[in-house]
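Heads up, the thing below is written out as structure tokens.
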Amino acid sequence: MALNQASFAHDVPGLLNKPLNTTTRRIFVAATRQNDGKTTTSLGLFGALHSLGHKVSYIKPVAQRIVEVENGVEVDEDTFLLNSVYDVKIPIAAMSPVAVDSAFTRRYLDDPETLSPRIADTICRAFDRAAYEKDIIIVEGSGHAGVGSVFNASNADNARLLGSKVIIVSSGGIGKPVDEIAMNKALFDDRGVECIGVILNKVLPEKMPDIRKYVSRALDRLGVPLLGLLPLENTLSSPNLSQIVSEIGGRWIVPLVKGRSQRAEHIIVGAMSAQHIFDYIRENTLIIAPGDREDLLFTLIAGAGTSGVPKISGIILSNGLFPAPRLISMLEQVGIPVVATDRECFESARRISRMIVKTQPGDADKVSTIEALIRKNVDLDRILAAI
């Protein structure tokens, strides 16, 4: 367990039972489950509110996915991401005060009387530092409302501790999201935390009118408004080639051009004849094929850069097979990235299709898309009026 208390400007003797800062407006971004879109929403809200002229800050009180930054400080990977994108200009330890390692829960349960007030104190001091001289601070939760209950620092507990109102983020749909929102809202209600609204993420664009109509009716019965629907965007759910290489244990044969982040929005296995390959390719398609399919590779090389032919993201050479060196040289000349793996075609495709794609610090295209989605689809005025 890391309690990051270094360099906080407002340390005071004794333990804090609540933050000293009562003036900075705050909003807690929670979710119905992991990977529903908390970080996407937090990033977008930060950028959108900043663009409106507000001085915005950020904190994620409890970190579960940890990265090590300068001087060995352990912080949440989402905190590292947001700080990399926006350069919040406060100590990163203040944005990620409690880092939960694999033995955290056991240490806590061995001595809860000592550690419970220390955890709360660390969160409060970090909040005061992160909120100092800011107009608004976004507080990002970890998973659903009850995550952290085992060490008395659930999302609902932390929202109450920080005196914050909450937005609940859920995935697109009608029945399942509303059921999960009701369950999560009940825990916030129990802690005396007000839920000011709901944002649904990854909604199929063609279903948005229908979902807006019926989810709004259902949420009205729960006494909570619908603040916005974020449509499913291929850019946000598509992995880049560097992430794919890591997932399949691949190795670069023709690397990416420096500074580029090639994204695979569609995946096909090259099992068809070479003459029919372009019947299946769309823009930003990743092709997976055995390395001995030289006929297929020649066809892709011939089509590269041709008017009317979609641009492919790259090629995965599977089964540990390689084409002749002259072909690799030709692929490099036309600028098609190539990765080799020992996995079979369909195993590689299965692993890629099941990837959970999270935004990375280098994903500039994703960040601009996220900001635009929030500005266009979320009622920011209603949020500002409620906090």
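- Put simply, CD1 on I90 and CE on M95 are 5.0 Å apart, with the number rounded to the nearest 0.5 Å.
- Side-chain N or O atoms of D36 include none that pairs as donor or acceptor with a backbone N or O of K38 at under 3.5 Å.
- Listed here is the closest heavy atom pair of Q64 and S142: OE1-CB, 3.7 Å.
- With hydrogens and angles ignored, the 3.5 Å screen pairs no side-chain donor or acceptor of T114 with any backbone N or O of D111.
- For the pair P209 and P205, the tightest heavy-atom approach, listed with the atom from each and the gap, is CD-O, 4.1 Å.
- Taking OG from S154 and CZ from R160, the interatomic distance works out to 8.0 Å, rounded to the nearest 0.5 Å.
- Of the possible polar contacts, one joining the R351 side chain to the E247 backbone as a donor-acceptor pair under 3.5 Å is found.
- Put simply, the side chain of D78 does not reach to within 4.5 Å of the side chain of S42, judged on heavy atoms.
- A salt bridge does not link D101 to R106: none of the charged nitrogens lies less than 4.0 Å from a carboxylate oxygen.
- Between I199 atom CD1 and L45 atom CG the span is 5.5 Å, to the nearest 0.5 Å.
- Using a 4.5 Å heavy-atom cutoff, the side chains of L115 and F151 are not in contact.
- Here the side chains of D76 and E140 are not in contact, with every heavy-atom distance at 4.5 Å or above.
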N/O donor-acceptor pairs under 3.5 Å from side chains in residues 163-176, not counting sequence neighbours:
| residue | atom | partner | partner atom | Å |
| --- | --- | --- | --- | --- |
| S164 | OG | F28 | N | 3.0 |
| K165 | NZ | A386 | O | 2.6 |
| S170 | OG | T32 | OG1 | 3.1 |

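- Side-chain contact between V254 and I336: absent, with no pair of heavy atoms (C-beta onward) separated by less than 4.5 Å.
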Derivation and outcome, side chain to side chain contact (heavy atoms under 4.5 Å, CB included), residues N83 and V75: CA-CA 11 Å; N83 193 52; V75 300; over 6 Å; no

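- When the options K185, R33, H144 are evaluated for a side-chain hydrogen bond (donor to acceptor under 3.5 Å, both in side chains) with E180, the one that passes is R33.
- Both V178 and F188 are assigned to one and the same hydrophobic cluster, defined by single-linkage of ILVMFWY side chains at heavy-atom distances under 4.5 Å.
- Shown here for G249 and T341, the closest heavy-atom pair between the two residues is O-OG1, 4.5 Å.
- Counting all heavy atoms, side chain and backbone alike, P225 lies closest to I196 at CG-O, 3.2 Å.
- No side-chain heavy atom of P112 sits less than 4.5 Å from a side-chain heavy atom of N152.
- Proximity of L43 to I374: side-chain heavy atoms (C-beta onward) are nowhere separated by under 4.5 Å.
- Linking Ile, Leu, Val, Met, Phe, Trp and Tyr whenever their side-chain heavy atoms come within less than 4.5 Å leaves L241 and V269 in two separate clusters.
- Of all non-hydrogen atoms in S348 and I248, the two that sit nearest each other are O-CG2, 4.2 Å.
- Taking Ile, Leu, Val, Met, Phe, Trp and Tyr as hydrophobic and joining them when side-chain heavy atoms fall under 4.5 Å apart, one finds L187 isolated, its cluster having no other members.
- The environment of H266 atom NE2 is dense: over 12 non-hydrogen atoms of other residues, nucleotides or ligands sit within 6.0 angstrom.
- Panel note: side chain D379, backbone L227; no donor-acceptor pair is recorded below 3.5 Å.
- Without hydrogens or angle criteria, S353 side chain to A349 main chain gives a donor-acceptor distance under 3.5 Å.
- Screening residues 196-219 for side chain to side chain donor-acceptor pair (under 3.5 Å), with sequence neighbours left out, gives no hits.
- Under a 4.5 Å side-chain heavy-atom criterion applied to ILVMFWY residues, the cluster that includes L204 comprises L232 as well.
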Side chain to side chain contact (heavy atoms under 4.5 Å, CB included) between L384 and L49, worked out: CA-CA 9 Å; L384 289 169; L49 294 173; 3.8 Å; yes

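- Transitive grouping of hydrophobic side chains (ILVMFWY, heavy atoms separated by less than 4.5 Å) keeps V147 and I59 in distinct clusters.
- N184 places a side-chain N or O within donor-acceptor distance of the main-chain N or O of A145, the cut-off being under 3.5 Å.
- There is no path of hydrophobic side-chain contacts, each under 4.5 Å, that joins F346 to I315.
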Audit row: Y86, F46, ring pair (Phe, Tyr, Trp, His ring centres under 6.0 Å) steps and yes/no: CA-CA 9 Å; Y86 293 113; F46 191 106; 4.7 Å; yes

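- By the 4.5 Å heavy-atom criterion applied to side chains, S313 and E265 are not counted as neighbours.
- Partners of D220 under the side chain to side chain donor-acceptor pair (under 3.5 Å) rule, at least two apart in sequence or in another chain, do not exist in this structure.
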From CA spacing to verdict: side chain to side chain contact (heavy atoms under 4.5 Å, CB included), T79, Y58: CA-CA 8 Å; T79 302; Y58 169 92; 3.6 Å; yes

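- When atom types are taken as modelled, the side chain of R191 and the backbone of A159 share no donor-acceptor pair closer than 3.5 angstrom.
- Between W252 and V339 the shortest side-chain heavy-atom distance falls below 4.5 Å.
- In this structure, N158 contributes its side chain and A153 its backbone to a donor-acceptor pair below 3.5 Å.
- At least one donor-acceptor pair under 3.5 Å links the side chain of R26 to the backbone N or O of L162.
- How far CD1 of I119 is from SG of C124: 12.0 Å, rounded to the nearest 0.5 Å.
- If you chain together hydrophobic residues whose side chains sit under 4.5 Å apart, L226 and M183 never meet in one group.
- When every heavy atom of N377 is checked against every heavy atom of M208, the shortest pair comes out as OD1-CE, 4.3 Å.
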Exercise answer: donor-acceptor pairs, residues 287-301 side-chain atoms, under 3.5 Å, sequence neighbours excluded:
| residue | atom | partner | partner atom | Å |
| --- | --- | --- | --- | --- |
| R293 | NE | D295 | OD1 | 3.0 |
| R293 | NH1 | G270 | O | 2.8 |
| R293 | NH1 | M272 | O | 3.4 |
| R293 | NH2 | M272 | O | 3.0 |
| R293 | NH2 | D295 | OD2 | 3.3 |
| E294 | OE2 | A324 | N | 3.0 |
| T299 | OG1 | D295 | O | 3.0 |

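- In this structure, the separation between NZ on K60 and CZ on F80 is 14.5 Å, given to the nearest 0.5 Å.
- A salt bridge links D121 with R125; the closest basic N to acidic carboxylate O contact falls under 4.0 Å.
- Here CG of D179 is found 9.0 Å from CG of L222. Values are rounded to the nearest 0.5 Å.
- When the shell of 6.0 Å around CZ of R282 is examined, it contains 12 or fewer heavy atoms from other residues, nucleotides or ligands.
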Audit row: I138, T41, side chain to side chain contact (heavy atoms under 4.5 Å, CB included) steps and yes/no: CA-CA 10 Å; I138 295 168; T41 301; over 6 Å; no

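- Of the possible donor and acceptor atoms, one in the side chain of S51 sits under 3.5 Å from a partner among the backbone N and O of A48.
- Around atom CD of E233, more than 12 heavy atoms belonging to other residues, nucleotides or ligands sit under 6.0 Å away.
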